[in-house]
K.L.:
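This is the structure I want to talk about, given as structure tokens.
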Amino acid sequence: MKYDFARIEKKWQAKWEETKPYAAETGSDKPKFYGLIEFPYPSGQGLHVGHPRPFTAMDIVTRKKRMEGYNVLFPIGFDAFGLPTENYAIKNHIHPAVVTRNNIQNFTRQLKMLGYGFDWDRCVDTTDPKYYKWTQWIFLQLFKKGLAYKTTMPVNWCTSCKCVLANEEVVNGVCERCGSEVIRKEKSQWMLAITKYAQRLIDDLDDLDYIERVKIQQKNWIGRSTGAELTFDTNTGDKVTVYTTRPDTLFGVTYMVISPEHPLLKQWKDKIQNWDEVAAYQDAAAHKSDFERGELNKDKTGVRLQGIEVMNPATGEHVPMFVSDYVLMGYGTGIVMGVPGHDQRDWEFATKFGLPIIEVVSGGDVTKEAFVAKDDSAIMVNSGFLNGMTVKEAIPAMKKYVVEQGWGEEKVNYKLRDWVFSRQRYWGEPIPLVNCPKCGWVPLPESELPLVLPQVESYEPTDDGESPLSKMTDWVNTTCPCCGGPAKRETDTMPQWAGSSWYFLRYMDPHNDKELVSKEAEEYWGPVDWYNGGMEHTTLHLLYSRFWHKFLYDIGVVHTPEPYAKRTSHGMILGEGGEKMSKSRGNVVNPNDIVDQYGADTMRLHIMFIGDFEKAVTWSNEAVKGSKRFLDRCWNLMDIAEEGELSQKNEAIIHKTIKKVTEDIDTLKMNTAIAALMTMVNEFYAKGLTKGDLEQLMLLLSPFAPHMVEEMWELTGFAAKYGKMAMQMPWPSFDESKTHEAEKEMAVQVNGKLRSTVVVPADAADDVVIAAACADEKIKRQMEGMELVKTIVVKNKLVNLILKPKK
RNA sequence: GCCGCUGUGGUGGAAUCGGUAGACACAGGGGACUUAAAAUCCCCCGGUAGCGAUACUGUACGGGUUCGAGUCCCGUCAGCGGCACCA
């Protein structure tokens with residue numbers, strides 16, 4: 001009989017739909033396993049070939065876990081708020097909710113076509129008011145705890161999306177999503193105080209089973225640095241405070257620099273003799289985009305503040321002060337001390353403005369460039385009491401001294417900024433706050449949640465940077481929940497990242513209308529045991545959701561401080577030619593086409609076989625045939641399998657393969673697991689097999705090719721025999737002692753070079769192996785005129801004979 | 001500039017703790033079956049020399065450690081990813 005994948009896949013998908021073998025049971029006595037994949041954004045293009053890679057991998061992991069006796073939660077949902085849908089809606093004059101519904105339907109159909117074992121009854125949709133009620137609820141809790149605040153600040157503004165962006169959404173100075181220029185704009189925005197959690201977000205990484213590069217990238221993004229804040233006296237009577245990681249270089253300070261945005265400048269307006277010049281510089285800086293301002297190798301610019309002088313407490317000397325845009329307002333104090341001898345930026349600035357350069361750490365030539373010591377054993381010079389110390393000694397010594405003298409204090413800084421949380425767009429969760437002229441910002445009572453997104457005529461972004469909701473006067477004008485007086489609703493919406501920051505909790509208890517998640521369900525399922533997703537979300541979704549989860553932990557909603565016990569990441573699928581798949585390149589592969597031509601099981605198998613899961617791989621339509629061929633060969637084994645239990649002749653290969661597949665699935669080495677299965681099948685063809693042998697193959701193959709295996713399971717009578725589907729059987733176990741062959745082929749080396757091989761009994765004693773090696777014809781020839789001076793035997797692997805010419 | 005990762009046949013990729021480099025596939029070549037094609041089955045497939053046994057050589061490059069290095073150490077080059085005027 002031919003392997004008719006189209007008929008078989010349809011048949012089993014219908015059966016699974018009906019009998020729900022993937023339903024997770026909250027509270028079951030079995031050990032739980034919660035496997036999670038990043039829920040997709042339901043775009044209009046439908047499923048991309050990139051989606052099945054992580055989905056299939058986690059599907060295989062969870063199918064194996066079920067067979068190992070776990071109560072598995074493997075859910076799916078849709079992260080459906082966001083700009084592409086909104087832009088499509090604007091262009092085609094269809095409501096975004098309608099677009100979203102259609103896209104979700106399409107995605108659902110495609111995901112079911114691939115045979116994933118999702119518990120569909122737990123499906124969530126972030127745009128469903130029953131879902132975003134709780135997104136809004138979490139925001140209100142953040143607001144009540146003072147972690148959501150509104151402030152006016154320069155923000156990233158995408159000129160094309162007409163919307164603010166979080167720092168994490170700006171890549172190389174352009175919008176992460178549309179690639180348009182991002183400029184800085186003063187706007188009043190809702191912010192979330194993620195920086196309050198910076199230290200915990202670093203510290204708690206230590207105990208998590210995340211792949212190392214994710215941890216490193218998160219730590220770099222949070223960017224912790226330790227140093228000191230130093231306060232200097234000025235001739236105006238005001239004090240200025242700087243942050244430095246190198247207080248030991250205080251004796252080398254020859255000037256100070258203040259950021260153009262610093263409020264102190266305005267305060268000094270009357271004291272700065274060249275105010276007009278300074279104001280002009282401030283104005284110019286304000287008109288530069290972040291990209292222009294941050295451009296590499298750019299000339300240092302600045303203006304000296306005439307009339308302002310700062311005293312260096314270490315030397316008692318007065319140094320000039322400048323305004324320059326190389327100092328950022330958002331980091332440290334917005335003022336830095338200039339140490340041109342030992343900071344390249346300061347050196348460039350000092351050189352340009354003719355400022356003195358003092359060497360305080362020896363080892364370089366500060367007349368040519370700043371000397372930044374690579375290790376901390378360089379010696380301090382020209383630095384009073386620090387002279388002769390190494391940098392390593394000088395830093396703590398100076399910190400201590402600074403504190404004793406009352407000049408400043410030790411300080412930790414982070415590059416992480418608070419999260420800009422409002423967006424001037426329609427298709428997002430409304431922020432459930434009301435602005436009352438008397439009471440200020442007032443939260444909506446929780447009983448009034450969800451605050452449903454109103455129907456509007458036009459959801460186009462406005463040129464004045466206000467949300468489309470602002471034009472809905474009926475909706476905007478409301479009464480204050482606090483005093484009952486007239487008040488206005490917040491018209492900005494939440495960013496795309498809001499709904500995805502907690503969705504994994506909703507899966508645990510998706511239909512609860514009383515709570516975000518019940519205590520019982522959360523304590524049973526939490527935390528997620530294994531979360532796989534893309535590297536591109538490391539500093540966005542992954543960091544944001546860890547932050548929200550920690551907050552929910554603090555207010556007692558969840559029982560663990562971290563949401564995900566384990567995090568792995570998959571590589572991208574590239575188009576033919578090794579380029580990123582894109583419509584414009586015309587190299588996009590649609591999973592539909594592969595499924596139509598070869599079937600879902602081939603698609604699943606191939607996307608796992610294609611290469612190392614963590615690395616990027618190039619898609620090749622040609623190579624798919626190999627995976628189909630393998631499934632055909634598995635199918636055809638039914639014709640040659642003889643009656644009988646597990647056979648003696650195949651025992652070793654079967655146990656070896658069970659071991660390999662079991663271990664490889666746990667470490668996501670799906671490609672080598674499949675290679676091992678191929679090797680076993682090749683051996684079955686060479687040696688013949690029994691139905692008992694075939695049974696083991698079917699069980700091992702079941703997570704990879706579930707449709708075909710169930711059909712084979714039925715045809716070979718095992719379904720009737722056990723009264724279960726293959727996927728419901730226990731995972732095969734192996735006996736370590738049976739994984740070894742009775743005889744081993746061992747390599748024989750002479751002076752480290754391979755010269756021959758010999759076959760000896762497994763685990764043969766060293767002298768037996770050496771004797772066998774010396775008896776080998778090829779080795780005998782090598783040994784002529786030589787004497788054996790040493791032997792090295794590696795059990796079951798090789799023997800190395802060290803020969804020397806006879807005297 | 002800083003941090004991290006990766007360099008293996010024509011191609012995708014395998015190689016526990018340092019132990020037979022190229023598993024498993026794709027492509028290619030040869031053969032069987034067939035009127036023919038597809039499918040299937042068998043054989044070959046890093047390079048050089050040789051009919052062959054075999055020998056030499058080979059994991060980006062240059063050194064080193066070791067009985068033995070794709071794997072460890074030092075240096076160089078190339079590519080990828082992240083961060084980037086963060087004081």
Side-chain angles (χ1 to χ4, degrees), chain A residues 2 171-173 211-221 223-225 227 242-246 249 257 259 293-298 300 324-328 330-339 342-346 348-349 372 413-417 535-536 538-539 571-572 578 606 609-612 614-627 629-630 632-633 636 663 669 671-682 685 745-758 777-778 781 789-803:
Chain A
K2 203 174 159 276
V171 175
N172 294 329
I211 50 170
E212 207 50 37
R213 52 194 177 128
V214 168
K215 288 191 185 184
I216 290 165
Q217 240 180 68
Q218 286 214 345
K219 280 185 189 164
N220 286 349
W221 183 262
R224 178 189 150 100
S225 77
V242 305
Y243 172 72
T244 177
T245 55
R246 294 292 302 277
T249 60
V257 199
S259 165
R293 217 177 132 162
E295 236 186 320
L296 207 62
N297 299 330
K298 171 178 74 73
K300 295 280 178 289
S324 173
D325 65 3
Y326 84 89
V327 175
L328 307 173
Y331 185 77
T333 63
I335 306 176
V336 303
M337 60 186 208
V339 186
H342 306 285
D343 181 288
Q344 191 55 29
R345 295 156 301 181
D346 294 348
E348 283 162 21
F349 191 84
V372 185
N413 256 317
Y414 302 92
K415 290 187 203 174
L416 185 71
R417 308 291 157 83
M535 279 309 287
E536 70 275 20
T538 301
T539 54
M572 245 196 307
H606 189 67
F609 184 59
I610 196 168
D612 186 330
E614 288 198 356
K615 291 193 200 132
V617 284
T618 305
W619 180 266
S620 156
N621 274 328
E622 268 301 298
V624 183
K625 279 193 285 191
S627 297
R629 208 171 279 163
F630 169 65
D632 280 330
R633 277 164 69 77
N636 292 333
E663 291 170 355
K669 291 178 186 289
N671 53 339
T672 49
I674 293 166
L677 289 167
M678 287 172 167
T679 304
M680 182 165 82
V681 168
N682 289 345
Y685 271 99
E745 190 191 48
M746 288 180 64
V748 183
Q749 294 183 339
V750 173
N751 293 337
K753 279 198 169 173
L754 180 72
R755 292 300 174 186
S756 185
T757 59
V758 290
E777 283 303 321
K778 289 177 202 162
R781 249 177 284 145
V789 292
K790 193 178 174 187
T791 58
I792 292 133
V793 179
V794 182
K795 206 164 207 132
N796 294 329
K797 291 247 162 151
L798 65 69
V799 52
N800 190 6
L801 308 173
I802 311 304
L803 302 182

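All values reported here derive from a predicted model rather than from experimental measurement.
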K.L.:
Classify the nucleic acid contact of A:N800 as base, sugar-phosphate or nothing, counting any heavy atom under 4.0 Å across all strands shown.
P.N.:
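A:N800: base contact, heavy atoms under 4.0 Å.
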K.L.:
Counting side-chain heavy atoms from CB outward, which of B:C24, B:A27, B:G12 is closest to A:R629?
P.N.:
B:A27
K.L.:
Measure the distance from CE on A:M680 to C1' on B:A23 and round it to the nearest whole Å.
P.N.:
16 Å
K.L.:
Of the nucleotides B:G19, B:C56, B:C67, which one has an atom closest to the side chain of A:K790?
P.N.:
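Taking heavy atoms from C-beta onward, the closest nucleotide is B:C67.
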K.L.:
Using the P atom as the point on both nucleotides, what is the distance between B:A14 and B:G9, in whole Å?
P.N.:
14 Å
K.L.:
Under 4.0 Å between any heavy atoms, over every strand shown, what does A:R755 touch: base, sugar-phosphate, or nothing? Just pick one.
P.N.:
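Sugar-phosphate only.
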K.L.:
Look at the side chain of A:K415 and the base of B:C83, then say whether one donor and one acceptor between them are separated by less than 3.5 Å.
P.N.:
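Under the 3.5 Å cut-off, the side chain and the base do not form any donor-acceptor pair.
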K.L.:
Would you mind telling me which of B:A27, B:C83, B:C56 lies closest to the side-chain atoms of A:K753?
P.N.:
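In terms of side-chain proximity for A:K753, the closest of B:A27, B:C83, B:C56 is B:C56.
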K.L.:
How is A:A616 classified with respect to the nucleic acid when contacts are heavy atoms under 4.0 Å: base, sugar-phosphate, or nothing?
P.N.:
sugar-phosphate
K.L.:
Please work out if A:F630 contacts a base, only the sugar-phosphate, or nothing of the nucleic acid, heavy-atom cut-off 4.0 Å.
P.N.:
nothing
K.L.:
Nearest to the side chain of A:N682 - B:C24, B:C83, B:G19?
P.N.:
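Looking only at heavy atoms from C-beta outward on A:N682, the closest nucleotide is B:C24.
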K.L.:
From the list B:G19, B:C83, B:G4, which nucleotide is the closest neighbour of the side chain of A:L798?
P.N.:
B:G19
K.L.:
Base, sugar-phosphate alone, or nothing: which one does A:R781 contact when heavy atoms must sit under 4.0 Å apart?
P.N.:
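It contacts nothing in the nucleic acid.
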K.L.:
Under 4.0 angstrom, heavy atoms only, what part of the nucleic acid is A:D632 near: base, sugar-phosphate, or nothing?
P.N.:
nothing
K.L.:
Under 4.0 Å, counting only non-hydrogen atoms across every strand here, what does A:E622 touch: a base, just sugar-phosphate, or nothing?
P.N.:
sugar-phosphate
K.L.:
If each of A:T245 and A:A747 is mapped to the nucleotide of RNA chain B with the nearest heavy atom, which maps nearer the 5' terminus, i.e. the 5' end?
P.N.:
A:A747
K.L.:
Base, sugar-phosphate or nothing for A:K219? Non-hydrogen atoms, less than 4.0 Å.
P.N.:
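No contact.
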K.L.:
Out of B:A23, B:C67, B:A87, which has the shortest distance to the side chain of A:A675?
P.N.:
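The closest nucleotide is B:A23.
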K.L.:
So A:I792, base contact, sugar-phosphate only, or nothing? Heavy-atom distance under 4.0 Å.
P.N.:
base
K.L.:
Among B:A84, B:A25, B:A87, find the nucleotide with the atom closest to the side chain of A:M678.
P.N.:
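Minimum distance to the A:M678 side chain belongs to B:A25.
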K.L.:
I want to confirm an ordering. Mapping A:S620 and A:G752 to their closest nucleotides on RNA chain B, which one lands closer to the 5' end?
P.N.:
A:S620
K.L.:
Looking across every strand, which nucleic acid part, if any, lies under 4.0 Å from A:N413 by heavy atom: base, sugar-phosphate, or nothing?
P.N.:
nothing
K.L.:
Starting at CD1 of A:I216 and ending at C1' of B:G82, how long is that distance when rounded to a whole Å?
P.N.:
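Checked: the CD1 to C1' distance equals 11 Å.
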K.L.:
Distance to the ring centre below 6.0 angstrom and angle to the axis at most 45 degrees; does that hold for A:K300 and A:F349?
P.N.:
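No, A:K300 and A:F349 do not form such a contact.
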